[in-house]
Each structure stands twice: as C-alpha cells, then as structure tokens.
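For reference, the structure discussed in these notes is given below.
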Amino acid sequence: MIIGVTAKPMKTVLAVSVVIIYGVLLALPVQHRLDHVAFYQSADFDVIAHRNGRALAPGNTLEAAVNALAVGADVLELDVHLTADGVLVVRHDAVIDTTTNGSGVIAQMTLDEIQTYEVGYHKVDYPSRVAAKHIKVPTLASVFKRLPNSRYMVEIKPLDLAAADKLCGLVVEYRLDEQVLVASFDSSVLRHFRQICPRVPTSLGESEAYWLVILSRIGLGHLYHSPGYSVQLPPTYGGLRVLTPDVIKAAHKQNIRVEAWTVNDVVTMRALIDLGIDGIITDYPDILSLLDAD
C-alpha cells in the first residue's frame, strides 16, 4: 500500500521534469550552423541526374552524363566501385551482370576485363529500351576528364575504405574539391573520407540522417550537429512521410541542403518544389528541368 501511494506522486514529478527539460531544450538556440561551401554557393534549386539520368541512357555511363547535362541537369549523381587492379569505375551494383552482357564481381575483375563487355539498359527497369552499341563501364577519371566543369554527387558503394582513399586522390588530382560532393549510406565510410579529404564536402550517411529526421520530428532539430553539408532523403519510407516541413525547416536553419531521391513522377516533383526542397534526384532530368523552369 505504501508503494502504491508513493508511486503516483513520483510519476507526476517525473512527468513534470520531462516537460520542463523538453521546454528548456526547445528554447535553446541553434547549436551549429554550417559555413557555405563552394559546391552549394548557388541558392538555386538543383536538378540532379540519378545515375547520370539512367532513364535517358544506360545508367552510370559517360554517354548518360553527357546527355543529362544537355537536357538540363545541374548535378551528376553517380556511384563508384573499385576494381581488382585499383581503378574506380562508375557503377551502381557490385556485379556487372545487371546492365552488361557479361558477368562477374567488380572487386574481382580488372578494368580491362570489365571493359570487354558492353553496357545496356536494365532488363527489369527498362525492358523495352535498346541501348546504342559499344557503351562501356567508364572509369571515374574518364568522366572527370571529359566533363571537368560539371558538379558531381559521388556515392561510394563499397564498405571498405580503399574506394574512399582512391576517390579522395582523384578529386585532388583533377582539382574538383569545389565540384564534388561525396555520399554513402554507410556513415563510417563518410567519417573516414572527411578525415582524409577535409576540403571535399560530404552529405549525411544513413544513421546521421536518421537522427536529423528524428530530432526534427520532435521539434529538436535545432540541436543537431551536422557533419555533412546536405542530406538526401526519400519522400516517404515504410509508408511514413520523411520529407516534412519540420525536417526541411530544421535543416535550413543549420544551412544543410535537403535533396529528395529518387523521384520520377511529375506530381511528386511539383509537391516537393512547392515544399521548398533544394534539389531532386531523378532518372528524368529532362522532365524535372522543365518543371524547374516554370
């Protein structure tokens, strides 16, 4: 009986304490605001070509990159893997099976072996489309060399750190530290890259983005300390809305750019633009660039 009598007051005290602490946290100013970086100097909306605009030409190819820029893309989003002989190739999957006429694991193949095969469309994503002949899996260096004035969002796919080391070296070699933003789902890969290549900006990894979203949804986004200059988020995940006004507002208070992926329908594109999103990653940069021009 004594326990029962004292439990209610204790619960009340605990509840009041939580409310007071939450109120104090709400009243705190923004704890961290990022400086501007050259990659995001323009405040304009960015049309970001997913895998170099893979709906318009086979994804992650040089041919797709050239085409995406021609139809209005501002940023080329591409993925990289490391070959057995230490070359970064532009490729989404760890194998070449899905979009080439060959088979094999990239990490176990040399560049010469990979480039004996031709790249086409993914038979599931684009079953009715036929690619031009003689398209190869490109090296990242070849894309940098061909398009030296472009802006790139480079996603590191491997979880080992060798690819991050190689990417840092290439960005420095081609003097693209103001034109490249590095991304990865794995936050540990990004932490390593930030240490070895501090002049090159990164976005947020999956776990880092998770905390930004959670804190923003409970009104405490201003307490987030961002290690990256942008965050790429899906509009929804698991049936829940991710890109909310609260998330965008909290990010903007800290000078974090918010970009949506991967959006291919016009209705969603328009809604996100109206919401104040900073960029959209899409397979159709031609369609998005026309909407942005309206």
Side-chain angles (χ1 to χ4, degrees), residues 37-42 46-54 56-94 96 99-100 102 106-107 109-120 131-158 161-184 189 193 196-203 279 281 283 285-286 289:
V37 290
F39 187 86
Y40 285 125
Q41 278 299 324
S42 172
D46 280 330
V47 175
I48 307 169
H50 182 232
R51 303 187 201 176
N52 291 343
R54 69 178 186 141
L56 309 180
N60 273 323
T61 61
L62 179 57
E63 290 78 2
V66 171
N67 182 71
L69 295 171
V71 300
D74 301 303
V75 179
L76 298 171
E77 188 274 341
L78 48 84
D79 313 280
V80 293
H81 280 276
L82 195 62
T83 66
D85 51 342
V87 180
L88 277 182
V89 291
V90 184
R91 177 78 187 164
H92 181 271
D93 299 340
I96 66 169
T99 59
T100 78
I106 292 174
M109 303 174 71
T110 66
L111 175 64
D112 287 343
E113 289 172 334
I114 292 169
Q115 291 192 330
T116 59
Y117 302 106
E118 295 188 12
V119 178
K133 298 291 186 181
H134 310 305
I135 298 177
K136 305 293 184 179
V137 173
T139 65
L140 182 60
S142 70
V143 177
F144 283 170
K145 187 175 182 179
R146 174 71 181 276
L147 303 169
N149 298 317
S150 300
R151 293 164 64 210
Y152 299 93
M153 182 180 292
V154 181
E155 183 177 340
I156 303 171
K157 283 298 184 181
L161 304 181
D165 294 338
K166 182 66 71 170
L167 176 57
C168 178
L170 277 180
V171 173
V172 172
E173 178 183 349
Y174 284 89
R175 300 179 181 179
L176 294 175
D177 53 287
E178 295 186 352
Q179 294 165 238
V180 170
L181 178 94
V182 174
S184 174
V189 171
F193 187 86
I196 63 172
C197 233
R199 292 186 60 187
V200 180
T202 73
S203 62
I281 301 171
D283 295 333
D286 54 339
S289 64

When rounded to the nearest 0.5 angstrom, what is the spacing between [atom1] in [X] and [atom2] in [Y]?
X      : Y      : atom1 : atom2 : value
Cys168 : Ile156 : SG    : CD1   : 9.5 Å
Ile135 : Asn60  : CD1   : CG    : 12.5 Å
Leu88  : Leu78  : CG    : CG    : 10.5 Å
Leu62  : Arg146 : CG    : CZ    : 5.0 Å
Tyr117 : Ile96  : OH    : CD1   : 5.5 Å
Glu77  : Leu181 : CD    : CG    : 10.5 Å

What residues, two or more places apart in sequence or in another chain, satisfy side-chain hydrogen bond (donor to acceptor under 3.5 Å, both in side chains) together with [X]?
X      : answer
Asp74  : none
Ser184 : none
His50  : Asp283
Gln115 : none

N/O donor-acceptor pair under 3.5 Å between [X] side chain and [Y] backbone:
X      : Y      : answer
Arg151 : Phe39  : yes
His81  : Val90  : no
Asp79  : Lys157 : no

Residue pair Lys166, Leu140: steps toward the side-chain contact (heavy atoms from CB on, under 4.5 Å) verdict
CA-CA 10 Å; Lys166 182 66 71 170; Leu140 182 60; over 6 Å; no
Give me the atom names and distance for the closest heavy-atom approach of [X] to [Y].
X      : Y      : value
Glu113 : Met109 : OE1-CA, 3.3 Å
Leu82  : Pro158 : N-CG, 4.3 Å
Pro285 : Gly53  : CD-CA, 4.0 Å

Quick one: side-chain contact (heavy atoms from CB on, under 4.5 Å) partners of [X], sequence neighbours excluded?
X      : value
Asp85  : Thr83, Val87, Thr110, Leu111
Ala65  : Asn52, Leu76, Leu147
Glu173 : Leu170
Asn67  : Leu56, Val71

If the condition is salt bridge (charged side-chain N to carboxylate O under 4.0 Å, His left out), which residues does Asp177 pass it with, not counting sequence neighbours?
Arg199
Mind checking what makes salt bridge (charged side-chain N to carboxylate O under 4.0 Å, His left out) contact with Arg91, not counting sequence neighbours?
none
Side chain to side chain donor-acceptor pair (under 3.5 Å) pairs touching residues 131-144, sequence neighbours excluded, are Glu118-His134, Thr139-Ser142
According to ring-ring contact (aromatic ring centres under 6.0 Å, His included), who are the partners of Tyr152, at least two apart in sequence or on a separate chain?
Phe144
